[in-house]
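Throughout, protein chains are lettered first and strands after them, A, B, ... in sequence-line order, and every chain is numbered starting at 1. Computed over heavy atoms, backbone and side chain alike; hydrogens, waters and symmetry mates excluded.
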Amino acid sequence: MSENSTTETSNFIRNIINDDLKNNKNDGRVHTRFPPEPNGYLHIGHAKSICLNFGIAQDYQGGICNLRFDDTNPDKENVEYSDSIQNDVKWLGFDWEDRLYFSSDYFEKLFEFAQQLIRDGKAYVDNLSADEIREYRGALTKPGKESPHRSRSVEENLDLFDRMRAGEFNEGECLLRAKIDMASPNMNMRDPAVYRIKKASHHRTGDEWCIYPMYDYTHCVSDALEGITHSLCTLEFEDHRPLYDWFLDQLPIECHPQQIEFARLNLSYTVTSKRKLNELVVEGQVSSWDDPRLPTIVGMRRRGYTPEAMRDFCSRIGVTKTDTIIDVGVLENCVREDLDKRTRRVLAVLDPLKVVIENYPEGETELLDAPYHPNDPDMGQRQLPFSNILYIEQSDFMEEPPKKFFRLGPGREVRLRYAYFITCTDVIKNDAGEVIELRCTYDPETKGGNAPDGRKVKGTMHWVSAEHALKTEVRLYDRLFNDAKPDSNKHEQDWKSFLNPDSMTILDNAYLEPSLIDAKSEDIYQFERTGYFCVDNKDSLDGKPIFNRTVTLRDSWAKLNK
RNA sequence: UGGGGUAUGGCCAAGUUGGUUAAGGCACAUGGUUUUGAUCCAUGCAUUCCGAGGUUCGAGUCCUCGUACCCCAGCCA
């Protein structure tokens with residue numbers, strides 16, 4: 001046991017493991033697994049599980065974590081998903097080394113174990129229809145009743161089961177059931193299905209099988225075959241634990257992992273259910289699984305979230321059995337914190353307002369030094385071209401500024417970052433009365449941004465030289481939903497009515513400082529005063545990087561105005 | 001009394017076998033630094049742990065009775 005993680009706070013699962021270790025359970029081994037079904041893309045909720053499972057393996061001496069695909073339902077699974085899942089886990093920073101497994105690898109073994117159950121009188125082939133089985137199952141407060149086929153002989157069951165495998169029956173015609181207790185208060189114990197017929201070809205086993213094992217049976221056996229010590233899953237499987245244990249108790253397997261359930265992640269202003277995410281994608285509410293507004297790993301990656309930030313988030317939210325909704329602000333804080341220290345700052349005007357410096361020589365250009373990070377000289381610097389025609393942010397000018405506004409206004413003086421002080425002398429409007437251009441003068445003495453006479457200005461603004469600027473597209477993303485709990489069961493029906501119509505704003509008229517021409521896919525920058533932006537990994541072109549806003553900067557000015 | 005769970009500040013969450021003033025993060029508030037109204041720094045933020053009783057010298061931690069919320073009737077995982 002080693003406690004080499006400084007950030008991890010204790011949680012009930014680690015406490016259990018610590019106790020197990022103290023008691024020398026499992027010979028001191030710690031072996032977990034992350035068991036996704038390859039039927040969709042991974043999202044932030046999976047990241048919690050990945051960080052938990054792989055994190056525990058990392059933190060305990062000799063601990064290991066497997067990646068195992070729970071691929072027992074060929075109708076829903078495919079290689080696209082399994083490939084993307086592997087990519088995402090790697091990208092998040094975890095390594096399963098040579099321990100990549102698939103439940104389908106155990107199909108033969110699983111089949112033999114099922115025969116064993118039959119031989120032991122613990123399983124039988126049933127011919128009831130799906131509807132009948134539902135009827136026979138009873139209800140929450142009413143016991144079920146036994147199937148008329150429950151007492152078939154071992155020989156008959158064995159024969160029937162072989163013929164199921166041989167494809168002699170149609171889907172739904174029969175299935176293998178565990179013989180447990182039709183009156184159990186736990187519905188999962190009322191003779192659950194073990195094998196069903198599916199004449200579907202499987203993404204790994206092809207047409208080798210036409211019967212497929214069910215989750216409850218497959219999962220515990222797979223865990224045991226892999227020597228898992230702690231099988232971590234989400235709360236909804238709590239009721240399945242007796243079944244998990246039951247199967248392993250019946251079968252001749254030494255290893256009996258301990259299933260421990262924890263609460264799944266819920267994030268405010270978003271949805272984290274595969275079904276809902278899939279619906280958004282299929283209906284075109286978002287562009288695809290990697291739409292930057294989605295909480296999928298690929299979407300967040302495209303948005304500019306880093307693996308470090310996501311892992312930090314997962315460690316901050318903790319692991320408990322309490323059903324909670326984490327404020328998405330925690331996530332945003334994690335990226336900001338990570339990006340603050342790792343990104344270069346650049347100047348980018350998103351919503352341009354033209355400024356003409358009347359006393360600056362027309363046609364002249366000078367280069368001004370600008371560090372890439374104000375608090376980290378190691379990041380180096382670049383030079384910004386300055387000329388007499390600039391763009392500043394529309395929102396940095398107000399014709400009739402309120403008291404606390406200390407940006408530009410008629411007659412006001414402000415600093416252009418790393419450049420000069422300028423004073424607004426004239427405001428030019430179009431016929432509609434909109435401000436379309438500002439006339440200003442600059443003070444040559446203030447080059448670099450300081451006045452030799454010691455005079456101060458309240459505002460410092462970002463800017464870009466019109467002639468030198470890189471014009472490109474910038475996408476502003478905001479939360480996908482307007483409601484904090486679109487995912488709560490109060491909104492099972494109308495959750496999509498909370499979709500935020502302004503979750504994406506495309507700016508095709510943004511002007512960036514010229515150095516950004518070299519920005520590479522997935523590079524992330526801080527656009528000073530506006531936020532963190534990531535080069536889109538899909539739509540960017542050579543010489544035309546397209547930027548996605550990851551998250552805004554904290555803005556106490558905006559907060560003041562609310 | 002179907003069964004299984006959970007309840008600690010606005011949101012999360014530590015609180016090992018009951019023992020001083022109930023960690024920490026996010027959010028919020030206030031002050032300081034600042035050529036990003038950013039960052040950073042400092043300070044504040046639960047006489048109280050779902051409620052009511054009880055045991056005890058002492059309870060968030062034990063007992064009793066309640067209350068609220070979540071999960072379960074797929075041949076999904």
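Phosphate proximity of B:rA13 to A:Arg316: absent, as no side-chain N or O sits under 4.0 Å from OP1 or OP2. Checking the phosphate oxygens (OP1, OP2) of B:rC70, a side-chain nitrogen or oxygen of A:Asn489 falls inside 4.0 Å. Between A:Arg554 and B:rA27, a side-chain N or O to OP1/OP2 separation shorter than 4.0 Å is present. For A:Lys559, no side-chain nitrogen or oxygen approaches OP1 or OP2 of B:rA27 to under 4.0 Å. Put simply, A:Thr320 has a side-chain N or O that comes within less than 4.0 Å of OP1 or OP2 on B:rA13. Phosphate contact (OP1/OP2 of B:rC70, side-chain N/O of A:Lys490, threshold under 4.0 Å): present. Within the 4.0 Å cut-off from OP1 or OP2 of B:rC75, at least one side-chain nitrogen or oxygen of A:Arg137 is found. Contact check, A:Arg196 against B:rA77: a side-chain N or O comes under 4.0 Å of OP1 or OP2. Distances shorter than 4.0 Å separate some side-chain N or O of A:Ser556 from OP1 or OP2 on B:rA38. Between A:Ser10 and B:rG15, a side-chain N or O to OP1/OP2 separation shorter than 4.0 Å is present. Within the 4.0 Å cut-off from OP1 or OP2 of B:rA38, not a single side-chain nitrogen or oxygen of A:Arg529 is found. Contact annotation: A:Lys321 side-chain N/O to B:rC70 OP1/OP2 distance is not under 4.0 Å.
Among the atoms of the strands shown, base atoms are found under 4.0 Å from some heavy atom of A:Ala139. Looking at heavy-atom distances under 4.0 Å, A:Pro242 makes no contact with the nucleic acid at all. Residue A:Ile325 is in sugar-phosphate contact alone, with no base atom involved, counting any heavy-atom pair closer than 4.0 Å across all strands shown. No engagement by A:Lys142 is indicated, since no non-hydrogen atom pair under 4.0 Å with the nucleic acid exists. Among the atoms of the strands shown, none is found under 4.0 Å from any heavy atom of A:Phe69. Backbone-only contact: A:Asp340 has heavy atoms under 4.0 Å from sugar-phosphate atoms and none from a base. Contact annotation for A:Leu553: base contact, defined as any heavy-atom pair under 4.0 Å involving a base atom. The residue A:Val319 sits close only to the backbone: its heavy atoms come under 4.0 Å of sugar-phosphate atoms, none of a base. In this structure, A:Tyr195 reaches neither bases nor backbone, as no heavy-atom distance under 4.0 Å exists between it and the strands shown. Nucleic acid contact class of A:Lys404 (heavy atoms, under 4.0 Å, all strands): base. At the heavy-atom level, A:His240 lies under 4.0 Å from base atoms of the strands shown. Base engagement by A:Leu140 is indicated by at least one non-hydrogen atom pair under 4.0 Å involving a base atom. Heavy atoms of A:Lys485 sit nowhere under 4.0 angstrom from any nucleic acid atom. Looking at heavy-atom distances under 4.0 Å, A:Leu243 makes no contact with the nucleic acid at all.
Of the candidate nucleotides B:rA77, B:rC12, B:rC26, B:rC26 has the atom lying nearest to any side-chain atom of A:Asn333. Nearest to the side-chain atoms of A:Arg345 among the listed nucleotides B:rA38, B:rA77, B:rC12 stands B:rA38. Nearest nucleotide to the A:Asn15 side chain, out of B:rA38, B:rG15, B:rC76: B:rG15. Nearest nucleotide to the A:Asn11 side chain, out of B:rA14, B:rA73, B:rA77: B:rA14. Residue A:Ile326 places its side chain closer to B:rC12 than to any other of B:rC12, B:rA73, B:rU36. Of the candidate nucleotides B:rA38, B:rC26, B:rG5, B:rA38 has the atom lying nearest to any side-chain atom of A:Asn375. The listed nucleotides are B:rU36, B:rC12, B:rA77; the one nearest the side chain of A:Asn73 is B:rA77.
By the rule that a glycosidic angle within 90° of 0 means syn, B:rG37 does not qualify and counts as anti.
Separating the P atom of B:rC50 from that of B:rA14 is a span of 14 Å, rounded to the nearest Å.
Sorted by residue number, the list of members of residues 39-48 of chain A with any non-hydrogen atom under 4.0 Å from RNA chain B is empty. Annotation: proximity of residues 163-184 of chain A to RNA chain B (heavy atom, distance under 4.0 Å) is found for A:Gly172, A:Leu175, numbered in ascending order.
Between A:Thr141 and A:Tyr215, it is A:Thr141 whose nearest contact on RNA chain B lies nearer the 5' terminus.
Note on A:Lys179 versus A:Asp191: no salt bridge recorded, every NZ/NE/NH1/NH2 to OD/OE distance being 4.0 Å or above. Using a 4.0 Å cut-off between charged nitrogen and carboxylate oxygen, A:Arg33 and A:Glu226 do not count as a salt-bridge pair.
Protein atom CG of A:Asp323 is 15 Å distant from nucleotide atom C1' of B:rA13, rounded to whole Å. Across the protein-nucleic acid pair, A:Asn186 atom CG and B:rC71 atom P stand 16 Å apart, rounded to whole Å. Note: NZ (A:Lys341) to C1' (B:rU39) measures 12 Å, nearest angstrom. Atoms CZ (A:Arg336) and P (B:rA27) sit 8 Å apart, rounded to a whole Å. Rounded to whole angstrom, the span from the CD atom of A:Glu528 across to the P atom of B:rU34 amounts to 17 Å. Rounded to an integer number of Å, the gap from A:Leu277 CG to B:rA77 C1' is 16 Å. One interatomic measurement links the two molecules: CG of A:Asp71 to C1' of B:rC76, which rounds to 14 Å at whole-angstrom precision. Atom CZ of A:Phe406 and atom P of B:rU34 are 14 Å apart (whole Å).
For B:rG37, the base is stacked against the aromatic ring of A:Trp557, per a cut-off of 5.5 Å between centres and 30° between planes.
Proximity of the aromatic rings of A:Phe69 and A:Tyr81 is defined here by a centroid distance below 6.0 angstrom, and this criterion is not met.
Between the side chain of A:Asp239 and the base of B:rG3 there is at least one donor-acceptor pair of N/O atoms closer than 3.5 Å.
Classified by interplanar angle (parallel below 30°, tilted 30° to 60°, perpendicular above 60°), the ring pair A:Phe237/A:Tyr215 is tilted.
Contact annotation: the side chain of A:Arg342 approaches that of A:Glu308 to within less than 4.5 Å [non-hydrogen atoms, C-beta and beyond].
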Checking A:Met182 against A:Arg150 for the side-chain contact (heavy atoms from CB on, under 4.5 Å) test, could you report, in this order, the C-alpha distance in whole Å, the side-chain angles of both residues, the deciding distance, and whether it holds?
CA-CA 11 Å; A:Met182 288 309 291; A:Arg150 199 174 197 260; 4.3 Å; yes
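Screening A:Asp223, A:Ile56, A:Leu52 for a side-chain contact (heavy atoms from CB on, under 4.5 Å) with A:Thr32, the sole residue that qualifies is A:Ile56.
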